There are 2 protein chains.
Amino acid sequence: MQLGEGVEWAVHACVLLAVVPPDQALPAARLAEYHELPSAYLAKQLQSLAGAGIITSVPGRRGGYRLARPAADITVLDVVRAVEGSAPAFRCSEIRQRGPAAVGPEHYPKPCGVARVMWAAEEAWRSVLAATTVHDLLVGVTTDASPVSIRRAVTWMQEAAR
Amino acid sequence: MQLGEGVEWAVHACVLLAVVPPDQALPAARLAEYHELPSAYLAKQLQSLAGAGIITSVPGRRGGYRLARPAADITVLDVVRAVEGSAPAFRCSEIRQRGPAAVGPEHYPKPCGVARVMWAAEEAWRSVLAATTVHDLLVGVTTDASPVSIRRAVTWMQEAAR
DNA sequence: GTCCCTATACTCGGATAGCAAGTGTCCGAGTATAGGCGG
DNA sequence: CCGCCTATACTCGGACACTTGCTATCCGAGTATAGGGAC
């Protein structure tokens with residue numbers, strides 16, 4: 001099991017977008033530049049986020065991306081599901097209904113016990129991700145990061161808005 | 001994010017092995033036959049289980065596989081980690097340490113906040129999987145399955161042991 | 001000085017290659033068994 | 001009748017192709033802006 005690399009990028013991008021003034025927009029190229037990421041591929045993740053309604057794209061010359069709603073209303077789960085898809089990680093193929101011991105489908109009223117455990121685990125996973133918002137992450141970054149790094153970030157952002 | 005198909009097979013195989021008498025062994029071909037699975041590929045998963053010490057392989061003519069320890073001591077997490085690997089699903093590439101706002105590595109004492117959330121979610125996922133054992137699954141199957149299906153399974157197992 | 005028009009440059013969006021990991025399969029090494037042989 | 005030896009057949013184990021999905025990239029469509037010109 002392995003999450004795509006783009007998940008990390010998308011979450012960080014949302015955190016960075018959370019500090020952009022609401023009347024501005026940050027182009028994808030600037031976002032990629034801030035994290036030293038390949039801009040062409042990051043654009044793919046941003047498109048997924050825009051399609052999910054998490055960020056909105058502003059076309060035109062001074063365009064770019066901005067958050068579609070307050071950062072406190074965007075959970076990490078929202079971002080992960082937008083990028084990675086909302087399909088469950090465990091796919092039950094109902095192999096218990098095959099083979100020499102199989103009987104008619106009407107004899108399996110409850111889902112497979114294996115699948116129930118797997119899905120419960122995924123539910124717990126989602127629950128933790130849904131408990132943290134982009135705003136929470138932003139607060140954590142501002143308290144953890146060194147003052148020098150924050151100053152550089154502010155300077156860079158003023159440059160980018162120019 | 002997607003789990004491999006083999007996880008489902010491996011768990012079901014362990015449940016089936018849990019009902020094999022301790023002085024016998026079930027060949028991989030029989031296991032595959034019971035679930036109508038490609039035997040050659042199932043063998044791969046069984047080898048992973050054997051390598052992790054969950055099941056033991058008995059070579060020779062009347063050989064096969066059997067559980068290495070009581071079913072109550074084998075958690076679903078054990079099986080999943082054996083087949084899927086124990087690497088974390090989320091890989092943090094520390095992109096916060098790159099870009100124009102980056103400072104020296106000594107200024108990042110705590111792990112990245114994004115990674116902390118992701119790892120906490122995975123920990124919750126593992127916790128649920130570790131709370132269920134193969135024995136629990138076997139009990140669930142025997143109570144849920146229809147009597148007809150159980151009778152057929154017993155008959156088939158007697159045939160296989162012949 | 002103000003308004004409008006046009007050309008521009010910059011933005012996103014989807015369509016397009018490359019690659020790694022998962023999926024599926026095969027044949028060879030090793031061993032307990034079954035049968036035959038000798039005592 | 002009993003023990004030993006050999007040949008066998010069956011088992012696992014690792015090495016080998018193929019396919020799907022992730023990774024990475026590009027160029028075209030669309031739009032707000034900036035500048036220039038007319039009034």
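In what follows, chains carry the letters A, B, and so on, assigned in the order in which the sequence lines appear, proteins first and then strands, with residues in each chain numbered from 1. Computed from a prediction, not measured in an experiment: that's the story for all the values here. Atoms considered below: every heavy atom in the structure, side chains included; atoms not considered: hydrogens, waters and symmetry mates.
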Please determine if A/D78 and A/R69 form a salt bridge, counting it only when a charged side-chain N lies under 4.0 Å from a carboxylate O.
yes

Classify the nucleic acid contact of A/R91 as base, sugar-phosphate or nothing, counting any heavy atom under 4.0 Å across all strands shown.
sugar-phosphate

Here's a test of your reading of the structure: between A/L42 and A/V58, which maps to the more 5' nucleotide of DNA chain D?
A/L42

Nearest-angstrom distance from the residue atom CD of A/Q24 to P of C/dT11:
14 Å

Whole angstrom value for the distance that separates P of D/dT23 from CG of A/L37:
13 Å

Write down the distance between CD1 (A/I55) and P (C/dT11), rounded to a whole number of angstrom.
15 Å

Is the shortest side-chain N/O distance from B/Q2 to OP1 or OP2 of C/dG22 below 4.0 Å?
no

Nucleotide nearest B/R61 when distance is taken to its side chain, options D/dA32, C/dA34, D/dT11:
C/dA34

In whole Å, I'd like the distance from the CH2 atom of B/W9 to the P atom of C/dT23.
8 Å

Please state whether the phosphate of C/dT23, meaning OP1 or OP2, lies under 4.0 angstrom from any side-chain nitrogen or oxygen of B/Y41.
yes

Between the side chain of A/T133 and the main-chain N/O of A/D73, is any donor-acceptor distance below 3.5 Å?
no

Taken to the nearest 0.5 Å, the spacing of A/S93 OG from B/E8 CD works out to 3.5 Å

Candidate list A/L77, A/T75, A/V11, A/V76, test side chain to side chain contact (heavy atoms under 4.5 Å, CB included), partner A/T132, passing option
A/V76

Which part of the nucleic acid does A/A28 contact within heavy-atom distance under 4.0 Å: base, sugar-phosphate only, or nothing?
sugar-phosphate

Do side-chain atoms of A/E122 reach the backbone of A/F90 as a donor and acceptor pair under 3.5 angstrom?
yes

Report the distance from atom NZ of B/K44 to atom P of C/dT23, rounded to the nearest whole Å.
11 Å

Could you check how far CD of A/E5 sits from C1' of D/dT25, rounded to whole Å?
17 Å

Nearest to the side chain of B/A40 - C/dC26, D/dT23, C/dC12?
C/dC26

Whole angstrom value for the distance that separates P of D/dC10 from CG of B/L26
16 Å

Hey, is the side chain of B/Y65 poking within less than 4.0 Å of OP1 or OP2 on D/dG13, counting only N and O atoms?
yes

Output the rounded distance in Å from CG (A/L17) to P (C/dC12).
11 Å

Name the nucleic acid region contacted by A/A25, choosing base, sugar-phosphate or nothing; use a 4.0 angstrom heavy-atom cut-off, strictly under.
nothing

With a 4.0 Å limit, can you tell me whether B/S57 has a side-chain N or O closer than that to the phosphate oxygens OP1/OP2 of D/dG13?
yes

